[in-house]
2 protein chains.
Amino acid sequence: MSVTIKDIAKVAGVAHSTVSRALNDSKSISDETKVRIRDIAMELGYSPNVSARSLVLDRSYNIGLFFTTMDKGTAVSFFYDVVRSVNKVIRDEYNLMVRGIDDYRHFHLISKKNFDGIVIMSQSKSDDAFITTVHERQIPMVVLNREVEMPVCNILINDRTGVFHATEYLIQNGHRKIGIIEGKEDFRSTQLRKQGYVDAHHHYDLPLYDGFAVRGDYSTESGYEAMMGLLERDVLPTAVFCSNDEMAMGAINAVSRKGLRIPEDISIMGYDDSMFAGYLTPRLTTVKRPVDEMGKKGAAKLLDLINDNRASGERYYMNVQIVERDSIRKL
Amino acid sequence: MSVTIKDIAKVAGVAHSTVSRALNDSKSISDETKVRIRDIAMELGYSPNVSARSLVLDRSYNIGLFFTTMDKGTAVSFFYDVVRSVNKVIRDEYNLMVRGIDDYRHFHLISKKNFDGIVIMSQSKSDDAFITTVHERQIPMVVLNREVEMPVCNILINDRTGVFHATEYLIQNGHRKIGIIEGKEDFRSTQLRKQGYVDAHHHYDLPLYDGFAVRGDYSTESGYEAMMGLLERDVLPTAVFCSNDEMAMGAINAVSRKGLRIPEDISIMGYDDSMFAGYLTPRLTTVKRPVDEMGKKGAAKLLDLINDNRASGERYYMNVQIVERDSIRKL
DNA sequence: CTGAAAGCGCTAACAT
DNA sequence: ATGTTAGCGCTTTCAG
């Protein structure tokens with residue numbers, strides 16, 4: 001059996017409550033006994049039982065990090081960045097439990113007892129049922145990435161504005177016929193990015209060419225297919241905005257498969273500034289989304305909520321930034 | 001306060017132990033009361049307190065998934081694949097806690113009480129202290145990816161053999177002057193891959209050219225730098241094996257920056273078959289490591305160990321596979 | 001400054 | 001088939 005505070009108490013010849021206090025650095029314990037008890041604990045290889053402590057303190061020390069799904073649809077580097085940045089912030093005090101929302105068939109384990117707080121990296125409206133549940137059960141929560149209507153803390157990347165600027169950048173480089181490869185159908189981000197593209201066209205009084213908007217699903221493959229479709233058209237766009245870098249990678253591949261050159265024949269703009277964007281040929285001009293910052297901000301905000309539990313419907317917007325490389329031609 | 005089995009018991013007019021049994025589907029409870037109690041539980045929005053259950057059952061329902069580090073050094077898609085595949089296997093019964101080993105300053109929270117089992121995705125010998133601790137505390141454990149000397153369950157990808165075959169493939173394509181860009185210095189995988197490269201040279205009685213082995217650190221940037229270094233030499237290799245795809249991506253970039261073409265002037269071979277490998281220009285010929293399978297196998301094995309706790313020093317080797325694309329020229 | 005005792009929510013003998 | 005009771009390991013009043 002593993003060693004408990006009672007074992008330590010026996011060896012030290014004190015009550016187990018004294019051990020508890022000593023280990024928790026209570027000020028009503030003499031330094032002398034503290035040291036003594038800690039030494040014994042160390043010697044015996046004591047490890048606190050988190051379950052027991054959780055039970056009495058009424059907190060689990062768990063923070064849940066939920067993705068819409070852990071299967072397809074989550075960009076790889078996106079996933080990594082979020083886990084990493086959240087983990088970094090909560091480092092010591094909490095454990096990070098990573099899950100896909102769609103791993104749950106029912107939500108009965110989602111309770112305040114089992115989660116001190118929850119971060120949701122939301123990519124789809126289908127998450128709303130889950131978010132509602134968490135909200136109703138009054139678990140401190142931060143929703144990243146997707147705007148929700150409930151009064152919850154929401155950390156967002158300003159995608160609509162981001163794509164507006166991306167499109168504007170293309171326009172300022174002289175492009176007038178601009179295509180767009182869109183993301184996965186029911187993702188909110190897909191719509192927002194499309195909107196930014198449309199906004200920019202309106203703002204600069206540019207017509208939206210029919211058929212210049214083609215659907216992808218955020219995967220590299222879909223970018224390839226979508227671009228192939230675009231290249232079949234009679235009138236080609238001079239530039240194509242891809243709703244993420246992975247699709248841009250596929251698009252680049254399609255272009256060179258067709259024997260065309262980037263950016264001489266056609267310009268390609270990505271979105272995300274994924275790790276590989278600077279190493280494609282040509283190096284991809286893209287838009288950096290501060291995923292890392294979003295994760296950090298979200299985690300920090302969650303800790304605030306846990307420590308001072310006021311419901312809050314605050315929204316934070318993180319701004320994107322254009323990263324100029326070699327895939328766009330100035331006309 | 002949240003509802004407990006006692007609350008349910010009160011409403012149902014039974015003892016709380018009856019509620020516990022009903023909820024756990026004990027066979028000594030009549031179907032009638034089971035249904036009744038479950039209905040009440042549902043109505044009251046009951047959610048079991050995992051900590052309390054863990055305390056009495058002496059298991060945490062937590063499975064830890066530890067990476068060497070969550071910072072640099074872990075390939076992104078690698079990370080994603082492992083988390084995803086392990087998560088898929090343990091889906092219902094357990095929670096997955098993801099951490100970097102270097103997040104811990106001391107290991108006192110690593111105990112059998114707090115983890116039912118641990119999967120370690122090990123990339124460095126520096127993990128050994130941690131692995132030893134887990135082993136000593138008799139926590140069911142599976143170590144992925146890196147061979148360890150302790151008698152623990154070890155799931156490995158046969159890197160040495162894998163790179164042997166990769167090099168062999170280059171040799172069979174007529175290459176005689178083959179460079180290698182190596183990985184991060186103290187990673188075991190770095191040494192094994194190098195060994196496979198050396199083995200193949202020995203096996204085919206080929207000389208090892210001095211200076212054809214250059215160090216990288218598995219990052220794209222390092223691949224770029226390493227390749228640049230290689231291209232400075234008087235005698236150029238006709239093919240370069242890169243110890244992972246990310247470095248291959250950097251290498252490709254370096255080659256074209258120098259105005260050389262792949263595979264006409266120089267052939268590049270990757271290792272991993274990362275998601276983006278098929279979308280580089282040219283499409284990268286590489287070696288597929290079954291990371292997904294490794295994660296699944298590891299998780300399944302861990303569940304076995306948890307349910308039937310026999311220490312075991314079994315080793316499983318997963319085989320790699322060459323994925324032929326366009327970055328290698330037949331001489 | 002320390003000890004005694006209660007109780008967190010749950011499961012599992014042991015009764016009946 | 002159900003109730004009674006003890007106890008998992010810990011923290012925290014309340015006494016002294």
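Order of the sequence lines fixes the chain letters, A, B, ..., with proteins taken first and strands second; residue numbering starts at 1 for each chain. Values below: every heavy atom of this structure, side chains too, minus hydrogens, waters and symmetry copies.
In this structure, the NZ atom of Lys6(B) is 13 Å from the P atom of dT11(C), given to the nearest Å. Distance Asn114(B) CG to dG9(D) P: 12 Å, rounded to the nearest Å. A straight line from CG of Leu55(A) to C1' of dA6(C) spans 13 Å, rounded to a whole angstrom. One can place CG of Asp58(B) at 16 Å from P of dG7(D), the figure rounded to the nearest angstrom. Between Ile8(B) atom CD1 and dG9(C) atom P the separation is 12 Å, expressed in whole Å. Counting to the nearest Å, the P atom of dT11(C) and the CG atom of Asp25(B) are 13 Å from each other. We find that CG of Asn49(A) is positioned 17 Å from P of dG9(C), with the value rounded to whole Å. Rounded to whole angstrom, the span from the NZ atom of Lys34(B) across to the P atom of dA1(D) amounts to 9 Å.
For the helix from dC1(C)-dG16(D) to dT16(C)-dA1(D), the axis fitted to the five pairs at one end and the axis fitted to the five pairs at the other end meet at an angle of 40° (nearest 10 degrees).
In this structure, the side-chain contact (heavy atoms from CB on, under 4.5 Å) partners of Ser189(A), at least two apart in sequence or on a different chain, are Asp159(A), Phe187(A), Arg193(A), Tyr218(A). Qualifying ring pair (Phe, Tyr, Trp, His ring centres under 6.0 Å) partners for Tyr61(A), counting only residues two or more places apart in sequence or in other chains: none. Every residue two or more places apart in sequence or in another chain that forms a side-chain contact (heavy atoms from CB on, under 4.5 Å) with Arg315(A) is listed here: Glu147(A), Asn154(A), Leu156(A), Tyr317(A). In this structure, the side-chain contact (heavy atoms from CB on, under 4.5 Å) partners of Leu44(A), at least two apart in sequence or on a different chain, are Val3(A), Ile8(A), Val11(A), Ile40(A). Remark: Arg53(A) engages no residue in a side chain to side chain donor-acceptor pair (under 3.5 Å) (not counting sequence neighbours). Under the side chain to side chain donor-acceptor pair (under 3.5 Å) criterion, Ser122(B) pairs with Asp127(B), Arg146(B), not counting sequence neighbours.
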For residues 15-22 of chain A, dump all side-chain donor-acceptor pairs below 3.5 Å to protein atoms at least two apart in sequence or in another chain.
from, atom 1, to, atom 2, distance (Å)
Ser17(A), OG, Arg21(A), NH2, 3.4

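Heavy atoms of Thr33(B) sit under 4.0 angstrom from primed sugar atoms or phosphate atoms, though from no base atom.
Between the Asn114(B) side chain and the Pro48(A) main chain, a donor and an acceptor come within less than 3.5 Å of each other.
Using a 4.5 Å heavy-atom threshold, the side chains of Met70(B) and Phe79(B) count as touching.
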Checklist outcome for this item: The contact string for nucleotides 11-16 of chain D, one letter per nucleotide 5' to 3', using protein heavy atoms under 4.0 Å with B, S and - for base, sugar-phosphate only and none, comes out as BBB---

